[in-house]
Engineer: 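Take a look at the following structure, please.
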Amino acid sequence: MDKKKPVTNITSMLTETRVFPPAKEFSKQAHVKSMAEYKKLYNESIKSPEKFWGKQGKNELAWFKPFSKVMQWKAPNAKWFLGGKLNVSYNCLDKWLNTPTANKAALIWEGEPAAPGKVGEERTLTYKQLHHEVCLFANVLKRNGIKKGDRIIIYLPMVPEAAIAMLACSRVGAIHSVVFGGFSAQSVADRIQDCQAKMVITSDGGFRRGAVVPLKKNVDDALMIEDANNGLLAKTIERVVVLKRSGNEVQMHTGRDIWWHEEVSLVDAHCPAEKMDSEAPLFILYTSGSTGKPKGILHSTAGYLLGAKITTKYVFDIKDTDVYWCTADIGWVTGHSYVVYGPLANGATSLMYEGAPNWPEPDRFWRIVAKYGVTVLYTAPTAIRAFMKWGTEWPKKHDLSSLRLLGSVGEPINPEAWMWYHEFIGGKRCPIVDTWWQTETGNIMITPLPGVTPTKPGSATLPFFGILPEVVDDNGKPVPKGSGGKLVIRKPWPSMLRGIWGDPKRFVETYWSEVKGSYFTGDGVRQDKDGYFWIVGRIDDVLNVAGHRIGTAEVESALVSNPKVAEAAVVGRPDELKGQAMVVFVTLKTGVKASEQLKTELRNHVGKEIGAVAKPDDVRFAEALPKTRSGKIMRRLLKQIASGVDIKGDTTTLEDFSVLAKLTSDE
Ligand code: WTA
């Protein structure tokens with residue numbers, strides 16, 4: 001986006017008219033039952049935030065020492081629940097010990113390896129058992145010199161020990177930084193170096209699509225990478241704890257590497273939780289954003305936990321009987337807030353699955369839903385579009401009637417994908433919560449409440465309690481309903497990031513300089529006449545075509561609404577006449593052939609759906625789109641391809657993104 005261009009608002013053209021009110025039976029049993037109730041609580045939370053949050057903090061969290069002040073706000077620095085002392089693992093585990101929840105499943109885990117038509121290895125840990133495991137491992141941390149405030153890298157597959165390691169860190173007051181198991185040795189080394197970590201917790205390997213990912217080997221390599229002065233990048237590491245998972249051979253370095261199973265046999269399970277300040281750092285999570293080196297997003301103890309807890313309760317309407325499954329990897333913030341901390345702080349049952357959705361066949365998710373009677377499913381649009389591509393025969397093979405609520409996160413969900421999810425997974429009976437939030441926000445910010453909010457496919461709808469989002473123009477002025485602009489958050493909230501690790505200047509520049517006094521999200525958005533928010537994509541990706549600023553999401557949604565299209569990505573390339581020309585990359589449904597005629601058809605389809613100004617100048621077909629490891633389309637890369645040399649010359653040939661995707665797989 002060119003900042004010197006005159007101020008123009010984002011043109012928004014997609015008009016989605018379908019509305020799905022919540023079913024009466026759902027509303028009746030929900031934590032929040034009516035729009036009136038939501039509005040009353042919401043207004044209270046905005047008008048008297050200290051009163052609202054003070055009450056939530058007191059009622060929802062267990063304190064060793066109560067807080068004396070609800071908040072202190074000196075933009076851009078917020079402090080919440082000042083003077084209070086608590087522990088996250090205590091709130092997730094000990095709190096349930098002398099209650100009926102103690103013997104309930106905290107984690108249900110399924111491993112990836114499975115023959116076609118079969119289910120995989122299964123493990124269940126009750127709250128009592130999980131508490132025991134966490135205490136043991138916390139003592140292992142202490143035995144190995146870990147103190148309050150030390151940084152620990154967790155580089156594990158999706159196994160219960162990943163959650164155990166996170167909770168053990170929080171128990172002793174160490175700051176964890178989970179690195180997604182798909183990242184390379186270099187990424188591990190960079191993150192160790194940035195946060196000066198003392199320990200890495202990893203495993204021999206992890207299973208992914210039938211292959212073994214050599215995690216320990218990657219750590220060995222990471223610890224050998226040199227910096228610019230020929231020193232070691234990751235020289236702060238004193239210990240590597242290795243979990244045995246895949247059974248492949250690994251090299252253990254004496255004096256540095258230790259086995260998880262050997263270490264836990266040397267300690268007892270008595271480990272009182274450390275009394276932590278409300279504002280003590282809980283974790284750092286690296287996020288790359290669109291440019292530059294990854295930012296270490298820092299989250300706090302009390303504010304973060306409260307946010308994760310109450311959003312899980314109200315957005316997923318969590319009940320004691322739920323089998324709740326968030327499919328995100330714990331390497332992402334969604335895995336932190338909605339696989340581990342949110343569900344456990346509510347005493348819920350959280351399901352973890354180790355592997356890929358299409359291993360050994362494209363029905364693995366549905367097989368798992370049926371096997372465990374999953375009631376709440378939370379996944380990403382990228383997965384939903386893949387399921388659409390694989391065909392409805394896969395979910396149709398399984399009994400999905402246990403599901404009562406569905407969720408989506410990570411990207412705008414195209415109305416077409418929303419409708420598919422609604423019909424083929426939700427059986428037209430489950431509300432869908434399309435939840436907008438970010439690594440930085442810590443918890444869900446804009447979302448329907450399932451018993452309250454009439455949903456519109458493609459809209460994240462309304463703000464959660466205490467959240468004050470606004471749509472503003474380039475000068476920071478609110479824009480009228482119906483036009484697009486930048487999404488900012490006007491008020492601080494408990495789970496907001498507390499900074500970028502080691503880089504306060506970048507924190508201010510990235511989030512607090514764009515619009516004075518407000519948190520800038522980096523997203524483009526429009527609010528409709530009912531006040532519903534529609535995310536139109538990242539501001540950096542907004543196109544400027546002949547004076548119209550057009551968000552990526554609407555054009556992509558229009559393309560996906562054509563039955564031949566599986567997935568689409570829209571980018572701009574410089575154009576002398578129009579400023580930018582619109583290039584779309586399209587993947588087709590299985591069995592559909594690419595042709596010049598189809599290009600014309602798709603251009604006309606977009607013209608018809610949203611207007612002539614949004615008609616793509618160029619349509620290109622691709623086998624697959626390059627994505628980040630968390631499934632977001634990499635428009636930045638596509639932009640370069642669109643404005644650069646044509647890779648294959650012939651415009652009808654398929655672009656080969658696999659190579660490019662590999663080159664940039666650490667984004
Ligand atoms: C995008 C993931 C539209 C958005 C929790 C945001 C969404 C970025 C939605 C954060 C949604 C996430 N609708 N867009 N429901 N959810 N996004 O940090 O651009 O991995 O800024 O956090 O994803 O991604 P992150």
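Keep in mind that what you see is a predicted model, and the values were worked out from it rather than measured.
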Engineer: Do Val315 and Leu449 come close enough that some side-chain heavy atom pair is under 4.5 Å?
Structural biologist: yes
Engineer: Can you tell me if Thr312 uses its side chain to pair, donor with acceptor, with the backbone of Ala308 under 3.5 Å?
Structural biologist: yes
Engineer: Just by distance, no angles: are the side chains of Arg171 and Ser89 close enough, under 3.5 Å, to form a donor-acceptor pair?
Structural biologist: yes
Engineer: Just checking, is any N or O donor in the side chain of Tyr519 or Gln438 under 3.5 Å from an acceptor N or O on the other one?
Structural biologist: yes
Engineer: Centre of Phe183's six-membered ring, under 6.0 Å away, within 45 degrees of the axis: is that where NZ or CZ of Arg191 sits?
Structural biologist: yes
Engineer: Between Lys198 and Thr236, is any pair of side-chain heavy atoms under 4.5 Å apart?
Structural biologist: no
Engineer: Quick one: do Cys326 and Thr334 satisfy side chain to side chain contact (heavy atoms under 4.5 Å, CB included)? Show the steps, please.
Structural biologist: CA-CA 8 Å; Cys326 165; Thr334 309; 3.7 Å; yes
Engineer: Counting distance only, does the side-chain N/O of Tyr353 pair as donor-acceptor with the main-chain N or O of Ala356 below 3.5 Å?
Structural biologist: yes
Engineer: Just by modelled atom types, is the Glu279 backbone N or O under 3.5 Å from a matching donor or acceptor in the Thr301 side chain?
Structural biologist: no
Engineer: Kindly give the heavy-atom pair with the smallest separation between Ser495 and Gly307, and that separation in Å.
Structural biologist: CB-CA, 4.2 Å
Engineer: Considering non-hydrogen atoms only, spot the tightest contact between Leu306 and Phe81 and give its length.
Structural biologist: CD2-CZ, 3.5 Å
Engineer: When you measure from the side chain of Thr349 to the backbone of Ala105, do you find a donor-acceptor pair of N or O atoms at a distance under 3.5 Å?
Structural biologist: yes
Engineer: Just checking His176 against His336, ring centres under 6.0 Å apart?
Structural biologist: yes
Engineer: Side-chain contact, heavy-atom cut-off 4.5 Å: Asp220 with Asp257?
Structural biologist: yes
Engineer: Report, as yes or no, whether the 6.0 Å neighbourhood of atom NE2 on His253 holds more than 12 heavy atoms from other residues, nucleotides or ligands.
Structural biologist: yes
Engineer: Counting only heavy atoms from other residues, nucleotides and ligands, does the tally under 6.0 Å from NZ of Lys148 exceed 12?
Structural biologist: yes
Engineer: Do the side chains of Arg151 and Gln196 get nearer than 4.5 Å, heavy atoms only?
Structural biologist: yes
Engineer: Can you name the one residue among Leu141, Asp150, Ile192 that meets side chain to side chain contact (heavy atoms under 4.5 Å, CB included) with Met199?
Structural biologist: Leu141
Engineer: What salt bridge (charged side-chain N to carboxylate O under 4.0 Å, His left out) pairs are there with at least one residue in residues 81-90, not counting sequence neighbours?
Structural biologist: Lys85-Asp277
Engineer: Give a yes or no on whether the backbone of Ile318 and the side-chain of His31 come within a donor-acceptor separation of less than 3.5 Å.
Structural biologist: yes
Engineer: For Glu110 versus Gly120, what's the shortest heavy-atom pair and its separation?
Structural biologist: OE2-N, 3.1 Å
Engineer: Taking the side chain as every heavy atom from C-beta outward, state whether Leu97 and His131 have any atom pair closer than 4.5 Å.
Structural biologist: yes
Engineer: Classify the ring geometry between Trp512 and Phe507 as parallel (under 30°), tilted (30 to 60°) or perpendicular (over 60°).
Structural biologist: perpendicular
Engineer: Do Asn443 and Trp493 have side-chain atoms, one donor and one acceptor, less than 3.5 Å apart?
Structural biologist: no
Engineer: Nearest 0.5 angstrom please: Trp260 CH2 to Leu156 CG, how far?
Structural biologist: 6.5 Å
Engineer: Please list, one pair per line, the donor and acceptor atoms closer than 3.5 Å that link side chains of residues 52-67 to other protein atoms, with sequence neighbours excluded.
Structural biologist:
residue : atom : partner : partner atom : Å
Asn59   : ND2  : Lys55   : O            : 3.4
Glu60   : OE1  : Lys309  : NZ           : 3.1
Glu60   : OE2  : Lys313  : NZ           : 2.9
Trp63   : NE1  : Gly57   : O            : 2.9
Lys65   : NZ   : Gly83   : O            : 3.1

Engineer: Taking atom CE of Met224 as the centre, report whether more than 12 heavy atoms of other residues, nucleotides or ligands fall under 6.0 Å from it.
Structural biologist: no
Engineer: Looking at Lys104, I'd like to know if its NZ atom is crowded, meaning that more than 12 non-hydrogen atoms belonging to other residues, nucleotides or ligands lie closer than 6.0 Å.
Structural biologist: yes
Engineer: Decide if atom NZ of Lys128 counts as having more than 12 heavy atoms of other residues, nucleotides or ligands within a radius under 6.0 Å.
Structural biologist: no
Engineer: To the nearest 0.5 angstrom, please state how far the CD atom of Glu440 sits from the CE atom of Met496.
Structural biologist: 11.0 Å
Engineer: Do Thr382 and Lys627 pair up side chain to side chain, a donor and an acceptor below 3.5 Å, judged on atom types alone?
Structural biologist: yes
Engineer: Under 6.0 Å between ring centres, would you say that holds for Tyr155 and Phe180?
Structural biologist: no
Engineer: Between Tyr127 and Asn103, do the side chains contain an N or O donor and an N or O acceptor separated by less than 3.5 Å?
Structural biologist: no
Engineer: Can you confirm whether Leu282 sits close enough to Leu305 that some side-chain heavy atom of one is under 4.5 Å from a side-chain heavy atom of the other?
Structural biologist: no
Engineer: Do Ile175 and Ile152 pass the side chain to side chain contact (heavy atoms under 4.5 Å, CB included) test, and can you show the C-alpha distance, the side-chain angles, and the key distance before you say yes or no?
Structural biologist: CA-CA 6 Å; Ile175 306 169; Ile152 297 183; over 6 Å; no
Engineer: Say you draw a straight line from CE of Met252 to OG1 of Thr254; how long is it, rounded to the nearest 0.5 Å?
Structural biologist: 9.0 Å
Engineer: Taking salt bridge (charged side-chain N to carboxylate O under 4.0 Å, His left out) as the cut-off, I'd like each qualifying pair that reaches into residues 321-334, sequence neighbours left out, listed once.
Structural biologist: Asp322-Arg404
Engineer: Check whether any side-chain N or O of Asn346 sits under 3.5 Å from a backbone N or O of Gly342 as a donor-acceptor pair, and report yes or no.
Structural biologist: yes
Engineer: Is the count of non-hydrogen atoms from other residues, nucleotides or ligands lying under 6.0 Å from Gln251 atom CD greater than 12?
Structural biologist: no
Engineer: Is there a side chain to side chain donor-acceptor pair (under 3.5 Å) between Ser337 and Tyr304? Walk through the geometry before answering.
Structural biologist: CA-CA 9 Å; Ser337 302; Tyr304 170 81; 2.7 Å; yes
Engineer: Do Trp109 and Met352 have side chains that get closer than 4.5 Å, going by heavy atoms?
Structural biologist: yes
Engineer: Kindly determine whether Glu263 and Asn144 satisfy side chain to side chain donor-acceptor pair (under 3.5 Å), including the steps that lead there.
Structural biologist: CA-CA 9 Å; Glu263 285 292 311; Asn144 285 282; 3.1 Å; yes
Engineer: Under a plain distance cut-off of 3.5 Å, with no hydrogens placed, do Asp194 and Tyr286 share a side-chain donor-acceptor pair?
Structural biologist: yes
Engineer: Nearest 0.5 Å please: distance from the CG atom of Leu107 over to the OG1 atom of Thr126.
Structural biologist: 10.0 Å
Engineer: Roughly how far apart are Ile201 CD1 and Glu161 CD, rounded to 0.5 Å?
Structural biologist: 11.0 Å
Engineer: If you count heavy atoms of other groups shown closer than 6.0 angstrom to NZ of Lys142, is the number above 12?
Structural biologist: yes
Engineer: Will you find, in the side chains of Tyr90 and Ser170, an N or O donor that is under 3.5 Å from an N or O acceptor?
Structural biologist: no
Engineer: Between Thr447 and Thr435, is there a side-chain donor-acceptor contact under 3.5 Å, judged purely by atom types and distance?
Structural biologist: no
Engineer: For a 4.5 angstrom cut-off between non-hydrogen side-chain atoms, does Leu497 reach Leu298?
Structural biologist: no
Engineer: Hey, what's the ring geometry for His261 with Trp259, parallel, tilted or perpendicular (30° and 60° as the breaks)?
Structural biologist: tilted
Engineer: Using the ring of each side chain (for Trp, its six-membered ring), is Tyr314 parallel, tilted or perpendicular to Phe465, with breaks at 30° and 60°?
Structural biologist: perpendicular
Engineer: Kindly compute the distance separating NZ (Lys491) from CD1 (Ile467), expressed to the nearest 0.5 Å.
Structural biologist: 11.0 Å
Engineer: Consider side chain to side chain contact (heavy atoms under 4.5 Å, CB included). Of Ile154, Ile297, Leu285, Ile284, which one does Ser177 pass it with?
Structural biologist: Ile284
Engineer: Considering residues, nucleotides and ligands other than Lys95, do more than 12 of their heavy atoms fall under 6.0 Å from its NZ?
Structural biologist: yes
